[in-house]
Participant: 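Next up is a structure, given as structure tokens.
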Amino acid sequence: MSDTKVLRLVRKSEGDQHESAAAKPAEAMPAVTPVRLPERAKPRPRKSTPPIAVAKPRERPQLSREEMLKIYRTMYLSRKLDDKEIQMKGQNRIFFQISGAGHEAILVAAGMCLKPGYDWFYPYYRDRALCLQLGMTPLEQLLQSVGAEADPASHGRQMPSHWGHKKLNIVSQSSPTGTQLLQAVGCAEAGYRVKLIKELKKGVRNFRNDEVVYVSLGDGTSSEGEFWEALNTACNLRLPVVFLCEDNGYAISVPVEVQTAGGDISRLVRGFPNLFLQRCDGTDALESLAVMRRAVDNCRKNRGPSFVHAKVIRPYSHSLSDDERLYRSAEERTADAEHDPIKRFETLLVTESVANQDELQQLKDEVDREINAAADQALASPQPAAETATKFVYSPDVDPTSKDFDNEDGVELSGKPGTTVDLLNRCLHTEMKRDPRVIVFGEDIADCSREESLDKVKGKGGVFMVTANLQREFGSARVFNTPLAEANIVGRAIGMATRGLKPVVEIQFFDYIWPAMHQIRNELALLRWRSGNEFSAPLVMRVPVGGYLKGGAVYHSQSGVSIFTQIPGLRVVYPSNALDANGLLRTSIRCDDPVLFLEHKHLYRQAYNKSPYPHDDFMIPFGKAKTVRAGTDLSIITYGALVQRSLVAARQAEQQGINVEVIDLRTMSPYDWNAIAESVKKTARAIVAHEDSLSWGYGAEIAARISSELFEHLDAPVRRVGALDTFVGYAPQLEDAILPQVADVFAAITELHGY
């Protein structure tokens with residue numbers, strides 16, 4: 001069924017909830033003693049921003065004395081941890097500090113409404129108080145500050161305030177602002193898909209029918225495109241995501257009226273359907289608690305996403321690398337200080353006789369002692385050993401280069417020979433049948449999103465038809481189209497993979513992969529390493545690539561392999577024929593690392609690379625090259641479309657008495673250095689040929705390593721053949737001149753042989 005139809009069935013008993021629901025009273029917490037609350041001072045309106053809609057007194061939660069003091073303690077604890085880190089930075093005992101000061105009230109409220117280890121959390125760097133409320137200890141936070149190996153967030157690999165905690169379901173956070181939003185949506189979508197797929201309900205653990213995903217952002221992050229992409233999908237699928245915008249009025253030095261049209265993000269998101277919109281004074285703990293309860297309850301009941309716009313303050317500079325006095329007036333900073341959430345709550349406690357000053361001072365002294373003891377313990381905690389630096393770049397448990405993934409030798413083939421498209425399609429069918437966790441999505445990859453038309457149309461199945469009939473066989477819950485937004489595709493896939501699903505996504509053309517680069521480089525490839533193997537996101541990105549197709553031109557014919565092979569943590573695969581494509585795709589799906597699977601468009605339907613079908617468990621390991629032509633006089637190391645061109649050139653050279661060996665690398669990262677070395681030692685001459693631009697291309701690394709490590713075996717310099725240092729043009733004569741041809745490879749062979 002389509003997502004639209006499925007949603008109607010799953011949530012047919014749930015009605016829409018709009019902003020008018022803000023007038024409904026919050027649910028009371030159990031076991032409470034009423035506390036009469038004074039009138040709140042109205043928050044100071046910012047320029048170009050309407051006053052905050054303050055909750056009515058009857059909506060404010062009634063809490064026991066114990067609960068009130070716990071709120072104050074966590075808020076104070078968060079602030080004093082910031083202060084302790086600032087002190088330690090001044091003493092050169094830590095190396096960076098960014099605070100959550102001024103955000104404590106809304107964050108403690110959020111933590112009170114959510115369930116650690118049950119719900120899922122994608123925080124940002126101001127969320128210290130949230131993490132404390134969820135159960136992270138001061139020691140755990142200070143272990144990250146000092147870069148200790150025992151730091152549960154990253155084991156000394158990330159700077160402070162980059163939260164993560166596997167036990168609490170706080171997913172490892174990165175520095176780029178906004179990249180967490182799409183992953184949070186994907187995390188929630190994983191639960192949504194599990195509800196729809198019968199086989200997953202039985203086999204996948206730790207999914208709950210009423211789980212909620214929390215994700216936070218600053219007001220500046222709302223300027224990022226991925227923020228809007230995340231809201232779009234969350235609202236479209238009515239996912240249980242609580243978006244918390246902590247609006248302190250500044251993105252470093254840029255004020256909100258410069259960042260946001262009208263200076264009010266709430267007004268801009270109001271038109272999203274199915275979005276439960278709430279606003280609050282985020283420096284008021286009780287108002288924040290009432291609003292967060294409503295927002296979480298809306299998601300808990302599967303009514304769709306909630307968006308909470310909380311106005312807070314930033315009493316400290318953006319970080320210790322910033323000085324807010326350079327761009328904020330003294331009057332403005334003084335006015336903000338009047339709304340300090342800790343001072344406001346302390347005044348409330350005293351005014352309402354919840355606690356007197358002596359009792360509060362006793363609590364403060366206790367917190368100060370706890371922090372000092374934790375700091376001493378953190379400073380004494382060992383840092384990670386230098387030799388651990390390369391641990392967890394890839395999965396320590398599943399090795400796709402091992403014999404476990406190698407049953408290539410002696411494989412039995414059957415059936416009529418199929419093209420690369422045919423064998424890729426067969427692999428996807430067999431793997432989806434084998435493993436219900438495999439989810440396939442991307443632009444145009446479904447047969448037909450409007451299921452009522454499926455019986456009337458042939459079906460799309462991707463622009464190259466690699467995913468044809470997958471939706472018909474496995475249903476719309478597992479095979480579906482996405483918005484035209486590459487970051488959306490990859491970001492959601494990361495969130496799903498983190499929860500245990502196995503996304504196989506398609507980026508329609510390599511030339512359009514760049515909007516997803518943040519997600520690929522800074523999130524997907526780094527998640528395992530930066531968290532010290534606490535989290536990972538094994539998924540496959542299928543990407544049509546390359547030229548030699550007339551008319552592809554500038555934006556459908558490029559090759560940029562070296563940009564991705566530079567990224568530690570990412571596997572890069574590039575088959576040249578149908579059989580290899582089948583075996584390598586299966587390995588990619590079954591391995592435990594993120595894989596960029598490049599499919600050359602020109603090779604999709606070539607007759608020369610067809611193959612009969614292998615068995616359904618056929619696999620080729622990564623890092624295993626193939627000698628596609630044996631020779632003694634010269635070695636060509638190549639991949640992709642240049643394999644066939646090198647073979648043709650080698651046959652031409654044979655007529656001149658030159659015996660050329662051709663090595664097809666098949667995988668770019670890792671690559672088979674042993675095969676290269678063995679061949680070069682035998683022939684004493686080497687050409688590296690590839691479709692990418694010659695300068696700074698993939699071949700430069702191979703050529704450099706041959707020259708460095710095999711110099712004594714060489715009888716001639718290493719030669720490279722590649723494309724011109726420009727883009728692929730539209731006119732056929734331009735494309736032919738720009739991309740390496742058979743004649744170019746043949747010329748390199750004869751010149752090098754005669755050296």
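All values below come from the heavy atoms of this structure, side chains included, with hydrogens, waters and symmetry mates left out.
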Participant: Judged by atom type as modelled, is there a donor-acceptor pair below 3.5 Å linking the side chain of Arg303 to the main-chain atoms of Asn298?
Facilitator: no

Participant: Regarding Lys167 and Glu140, does a basic nitrogen lie under 4.0 Å from an acidic carboxylate oxygen?
Facilitator: no

Participant: Check each of Lys311, Lys343, Arg328, Arg314 against Asp336 using the salt bridge (charged side-chain N to carboxylate O under 4.0 Å, His left out) test, and report the only one that passes.
Facilitator: Arg328

Participant: Between the side chains of Asp297 and Lys301, is the shortest nitrogen-to-carboxylate-oxygen separation below 4.0 Å, so that they form an ion pair?
Facilitator: yes

Participant: Does Glu370 pair with Arg73 as a salt bridge, N-O distance under 4.0 Å?
Facilitator: yes

Participant: Quick check against the 3.5 Å criterion: does Arg492 have a side-chain atom that pairs as donor or acceptor with the backbone of Leu182?
Facilitator: no

Participant: Does the plane of the ring in Tyr250 sit parallel, tilted or perpendicular to the ring in Tyr327? Use 30° and 60° as the thresholds.
Facilitator: tilted

Participant: List the residues meeting salt bridge (charged side-chain N to carboxylate O under 4.0 Å, His left out) with Arg530, not counting sequence neighbours, and say none if there are none.
Facilitator: Glu523

Participant: Could you tell me which non-hydrogen atom of Val146 sits nearest to which non-hydrogen atom of Gln383, and how far apart they are?
Facilitator: O-NE2, 3.1 Å

Participant: For the pair Ser161 (side chain) and Ile98 (backbone), establish whether a donor and an acceptor sit closer than 3.5 Å, ignoring hydrogens and angles.
Facilitator: yes

Participant: Has Ser306 got a side-chain atom pairing as donor or acceptor with Val242's backbone, closer than 3.5 angstrom?
Facilitator: no

Participant: Indicate the ring-plane relationship of Phe243 and Phe227, choosing parallel, tilted or perpendicular according to the 30° and 60° boundaries.
Facilitator: perpendicular

Participant: Can you list the residues that meet the salt bridge (charged side-chain N to carboxylate O under 4.0 Å, His left out) rule with Glu85, with sequence neighbours excluded?
Facilitator: Arg128

Participant: Treating His155 as the side-chain partner and Ala150 as the backbone partner, does any N or O pair qualify as donor plus acceptor under 3.5 Å?
Facilitator: no

Participant: Could you tell me which non-hydrogen atom of Val213 sits nearest to which non-hydrogen atom of Cys187, and how far apart they are?
Facilitator: CG2-SG, 3.9 Å

Participant: Using a strict cut-off of less than 4.0 Å between a Lys/Arg side-chain nitrogen and an Asp/Glu carboxylate oxygen, indicate whether Arg279 and Asp247 qualify as a salt bridge.
Facilitator: no

Participant: Would Met292 and Met112 count as a side-chain contact (heavy atoms from CB on, under 4.5 Å) if you check the C-alpha gap in whole Å, the side-chain angles of each, and the deciding distance to 0.1 Å?
Facilitator: CA-CA 9 Å; Met292 286 304 305; Met112 292 174 68; over 6 Å; no

Participant: Under 3.5 Å, is there a donor-acceptor pair between the side chain of Gln173 and the main chain of Trp163?
Facilitator: yes

Participant: Does the pair Leu143 and Gln377 meet the rule for a side-chain contact (heavy atoms from CB on, under 4.5 Å), with working shown?
Facilitator: CA-CA 8 Å; Leu143 285 170; Gln377 190 173 346; over 6 Å; no

Participant: side-chain contact (heavy atoms from CB on, under 4.5 Å) for Ile494 and Gln183? Distances and angles first, verdict last.
Facilitator: CA-CA 6 Å; Ile494 295 172; Gln183 294 166 43; 3.8 Å; yes

Participant: For Asn169 versus Gly117, what's the shortest heavy-atom pair and its separation?
Facilitator: ND2-C, 3.2 Å

Participant: Could you check Glu224, His518, Arg521 and say which one makes a side-chain contact (heavy atoms from CB on, under 4.5 Å) with Pro176?
Facilitator: His518

Participant: Using only atom types and a distance under 3.5 Å, with no angle test, would you say the side chain of Ser317 pairs donor to acceptor with the backbone of Glu324?
Facilitator: yes

Participant: Are Leu63 and Ile71 close enough, and set up right, to give a side-chain contact (heavy atoms from CB on, under 4.5 Å), and what steps lead you there?
Facilitator: CA-CA 10 Å; Leu63 304 175; Ile71 291 173; 3.5 Å; yes

Participant: Locate the shortest heavy-atom distance separating Ala101 from Asp82; write the atom from each residue and the value.
Facilitator: N-OD2, 3.3 Å

Participant: The criterion is salt bridge (charged side-chain N to carboxylate O under 4.0 Å, His left out); which residues satisfy it with Arg499, sequence neighbours excluded?
Facilitator: Glu211

Participant: Do you know which two heavy atoms are closest between Leu275 and Cys235, and how far apart they sit?
Facilitator: CB-SG, 3.8 Å

Participant: Check whether more than 12 heavy atoms from other residues, nucleotides or ligands sit under 6.0 Å from atom CD of Glu149, and answer yes or no.
Facilitator: yes

